[in-house]
Amino acid sequence: MSFDASAFVAKLRSIVGDKGLIVDEHGKRPYLSDWRENYLGAALAVVRPVSTEEVAAIVRLCAAEAVAVVPQGGNTGLVGGGVPPETGRAVVLSLTRMNRILEVDTIGYTMTAEAGVVLKTIQETAAAHDRLFPLSLAAEGSCTIGGNLSTNAGGVQVLHYGNARQLVLGLEVVTPAGEIWNGLRALKKDNTGYDLRDLYLGAEGTLGIITKAVLKLWPKPRDIATSWVAVPSPDAAVALLSGAHAASEDNVTSCELMSRQGIDFVLKHIPGAADPLAERHDWYVLLEWSSARARREGGNEGSLGAKMEAYLGEAMEKGLVLDAAIAQNESQARAFWALRENHSEAQKKEGPSIKHDISVAVGKMPAFMKEGLAAMRKALPEGRPVPFGHVGDGNMHFNCQAPAGWDKVRFMKHGEAISSAVYDVVVRYGGSISAEHGIGRLKLDELAHYRSKIELDTMRTLKRTLDPQNIMNPGKIVQI
Ligand code: FAD
């Protein structure tokens, strides 16, 4: 039977109404491309349901008509996971109208929210209840909690609180058959068979649609110390972090490493950005310690700021620190963070670049950095390496900016050589080719190349079993 697109769209309309349906080309456009503008897909419609029941009805309709369903949150993903295929026999299912906080349990330290709530709203709601939701990343003003969980997002506080997988207790999911699995349990302990929740976390919408989640909360920090530190090398950065765990009494919440090249791009492209230190240095660390223990009234004594100052002083004597500034107030701390968080935006403005979101064990990071940078330079001597990121998690955005003045076409001729050179070093160091951004479309081939046969076979078996029609975000993570 031939497929009748207008009849299909009419059935979608009967589920979500006019408000929940976008069919005109102009309206659909922002949902068809990714943040980096690497891909442009096509879709019969963008559907924007307001309830789990509507999501389930849409999926059942798509299953009956063999139409692909591409879940989408804030569309800030960096691997093309939320972009529909070019074939056009697909709908983008945007969760952004499912944006209600359903419950905050301050006694049990949990929050239940719909998948389309923007991450910043989750953070602000937790803060308003004197609690902390620690997931924090530069896209937090537009990414959604459903997208965060589906990509198992990392961000800048993983070394203390863990990545998204560790911040969630329960899920509600719509399966590829359009059934609703209610796993919204706020249980810390539940050993009743296979952990279905873990299947959907980091699955990038290929196994089902997350519609709600029970999130974990923490006490709100009352004492925070933030410093901007010039270090001689990545080796010094890792040694500084290693000593900081004990010096801070296990209160290190962030440790980010940046190169001078990245800072130069931020200073050039981001209005208001300023270098906190008088001299230029090759490497910088943004170090943050935080604790729920309140500072003593009327003094700095015993505070994390005082401890950090003493620690950085000792580290300077050992040659691990060249210069440092400790934020004296919240706005200074925010200015330090802006230098780090604007790296992606500044790189985008500078022109084409190739991104590698890699991880190695923290202790291997210094040696990896040396070999990785040498490999990148060998692959394209004129390229401009921009390594930055979560050195405290062993995760660097090991990026290469195009030589000044090169356009994308010319640069991308070297893309494969640069990426292979980097990934070969990563694999030699026992690392990962995607630490926090996922696989999506961008890294399909790399995953197939670098993961073992048994891992790939198991992933394909899972996908075929849970989504036998291959309608749930097909062509992402694994091809079946
Ligand atoms: P989308 O981009 O809409 O979707 C991402 C994937 O999840 C897609 O495969 C999509 O199909 C799927 N999906 C979305 N919602 C659902 C759902 N409800 N159910 C099932 N599947 C779903 N990431 C990090 O981990 N750490 C960082 O530090 C970080 N920094 C960033 C900085 C910038 C400037 C930008 C632009 C991105 C950054 N990211 C980072 C990447 C991105 O923000 C995260 O991957 C984020 O978690 C994606 O959320 P989203 O709502 O935008 O998801």
Side-chain angles (χ1 to χ4, degrees), residues 30-31 33-37 39 41 46 49 52 55 59 68-85 90-99 113-120 122 135-158 163-165 167 171-176 199-213 254 256 270 337 340-349 355 357 359 388-390 393 395-397 434-443 472-477:
Y31 300 85
S33 183
D34 57 315
W35 190 83
R36 285 184 177 153
E37 295 172 5
Y39 304 101
V46 175
T52 303
V55 174
V59 175
V69 183
V70 181
Q72 199 180 89
N75 202 15
T76 66
L78 298 175
V79 290
V83 179
V91 296
V92 172
L93 193 153
S94 166
L95 279 299
T96 47
R97 287 173 80 212
M98 289 184 61
N99 57 4
E114 290 184 325
V117 181
V118 168
L119 174 57
K120 201 167 180 42
I122 302 263
L135 184 64
S136 173
L137 47 106
E140 63 199 22
S142 30
C143 63
T144 62
I145 193 66
N148 300 146
L149 298 177
S150 300
T151 56
N152 187 23
V156 295
Q157 303 203 91
V158 173
N163 49 22
R165 191 183 292 279
L167 310 180
L171 292 180
E172 179 188 78
V173 172
V174 171
T175 71
L199 268 183
Y200 298 106
L201 300 169
E204 300 181 48
T206 60
L207 301 180
I209 301 175
I210 296 174
T211 43
K212 293 184 188 121
S254 298
E256 301 286 309
I270 306 296
W337 272 110
R340 160 65 186 87
E341 288 182 336
N342 278 310
H343 265 62
S344 301
E345 194 64 39
Q347 270 207 281
K348 199 174 178 183
K349 290 192 168 147
K355 321 266 189 183
D357 167 37
S359 67
F388 69 93
H390 321 296
D393 313 323
N395 171 201
M396 293 301 287
H397 302 307
S434 187
E436 61 174 7
H437 294 161
I439 298 300
R441 286 177 68 166
L442 185 70
K443 293 187 184 166
M472 196 54 75
N473 210 2
K476 315 289 164 56
I477 301 189

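Every number for a ligand or one of its atoms is a count from 1 in the order of the listing. Computed from a predicted model, the values in this text were never measured in an experiment. Quick note: residue numbers are just sequence positions, from 1.
Residue contact check: Ala115 has heavy atoms under 4.0 Å from atoms 18 (N) of ligand 1. Residue-ligand proximity, Ile209 to ligand 1, at heavy-atom distances under 4.0 Å covers atoms 19 (N), 20 (C). Interface atoms of ligand 1 facing His437, defined by a heavy-atom separation under 4.0 Å, are 23 (N), 24 (C), 40 (C). Those atoms of ligand 1 that come under 4.0 Å of a heavy atom in Gly73, given as number and element, are 1 (P), 3 (O), 14 (C), 15 (N), 51 (O). Residue-ligand proximity, Asn473 to ligand 1, at heavy-atom distances under 4.0 Å covers atoms 9 (O), 11 (O). Those atoms of ligand 1 with a heavy atom of Gly81 less than 4.0 angstrom away are 8 (C), 9 (O), 11 (O). Short contacts between ligand 1 and Leu95, defined as distances under 4.0 Å to a heavy atom of the residue, involve ligand atoms 18 (N). Near Gly205, the atoms of ligand 1 lying under 4.0 angstrom from a non-hydrogen atom of the residue are 20 (C), 21 (N).
Residue contacts with ligand 1: Gly208 is included, with a non-hydrogen atom under 4.0 Å away. Within the structure, the closest approach of Glu345 to ligand 1 does not fall below 4.0 Å when heavy atoms are considered. Residue contact check for ligand 1: Gly440 places no non-hydrogen atom closer than 4.0 Å to it.
A distance-only check finds no donor-acceptor pair linking the side chain of Lys349 to the backbone of Ile270 [under 3.5 Å]. The closest donor-acceptor contact from the side chain of Lys476 to the backbone of Val83 lies under 3.5 Å. Side chain of Arg165 to backbone of Gly202: no donor-acceptor contact under 3.5 angstrom is found. Between the Glu436 side chain and the Asp357 main chain, no donor and acceptor come within less than 3.5 Å of each other. One N or O on the side chain of Asn75 and one on the backbone of Ser33 form a donor-acceptor pair closer than 3.5 Å.
Considering backbone and side-chain N/O atoms, Glu436 comes within less than 3.5 Å of an N/O atom of ligand 1. The shortest N or O to N or O distance between Trp35 and ligand 1 is not below 3.5 Å. Checked by distance only, ligand 1 and Gly74 come closer than 3.5 Å through their nitrogen or oxygen atoms.
For atom 7 (O) of ligand 1, the closest non-hydrogen atom on the protein side is Ser150 CB, 3.5 Å. With respect to atom 2 (O) of ligand 1, the closest heavy atom belonging to the protein is Gly77 N, 2.7 Å. Nearest non-hydrogen protein atom to atom 38 (C) of ligand 1 is Leu78 CD1, 3.7 Å. Protein heavy atom at the shortest distance from atom 33 (C) of ligand 1 is Ala139 CB, 3.9 Å. Closest to atom 49 (O) of ligand 1, if we only count protein heavy atoms, is Cys143 CB, 3.4 Å. The nearest protein atom to atom 11 (O) of ligand 1, hydrogens excluded, is given as Pro71 O, 2.6 Å; this is a heavy-atom distance. Protein heavy atom nearest atom 5 (C) of ligand 1, with residue, atom name and distance: Thr151 CG2, 3.6 Å. In terms of protein heavy-atom proximity, atom 25 (O) of ligand 1 is nearest to Gly154 N, 2.8 Å.
Arg36 is listed as a side-chain neighbour of Leu78, based on a closest heavy-atom distance under 4.5 Å. With contacts defined as side-chain heavy-atom distances shorter than 4.5 Å, the pair Pro85/Val70 qualifies. Residues Cys143 and Asn148 form a side-chain contact, since some pair of their non-hydrogen atoms from C-beta on lies under 4.5 Å apart. Under the 4.5 Å side-chain criterion, counting only non-hydrogen atoms from C-beta, Tyr39 is in contact with Leu442. When side chains are defined from C-beta on, Thr52 counts as touching Glu172, because their heavy atoms get closer than 4.5 Å.
For Glu256 against His390, the heavy-atom pair with the smallest separation is OE2-ND1, 2.8 Å. Between Asn152 and Ala164, the closest heavy-atom pair is OD1-N, 3.4 Å. When all heavy atoms of Pro176 and Gly208 are compared, the pair lying nearest together is CD-CA, 4.4 Å.
Closest heavy-atom approach to atom 30 (N) of ligand 1 among the candidates Val117, Asn152, Leu137: Leu137. Across the listed options Asn148, Val70, Val69, Val83, Asn148 owns the non-hydrogen atom lying nearest to atom 46 (C) of ligand 1. Of the candidates Thr144, Asn342, Thr76, Thr76 brings a heavy atom nearest to atom 42 (C) of ligand 1.
Rounding to the nearest 0.5 Å gives a distance of 9.5 Å between CD1 of Ile210 and OG1 of Thr144.
Residue His390 touches ligand 1 through its side chain alone, judged by heavy-atom distances below 4.0 Å.
Neither side chain, Glu204 nor His437, offers a donor N or O lying under 3.5 Å from an acceptor on the other.
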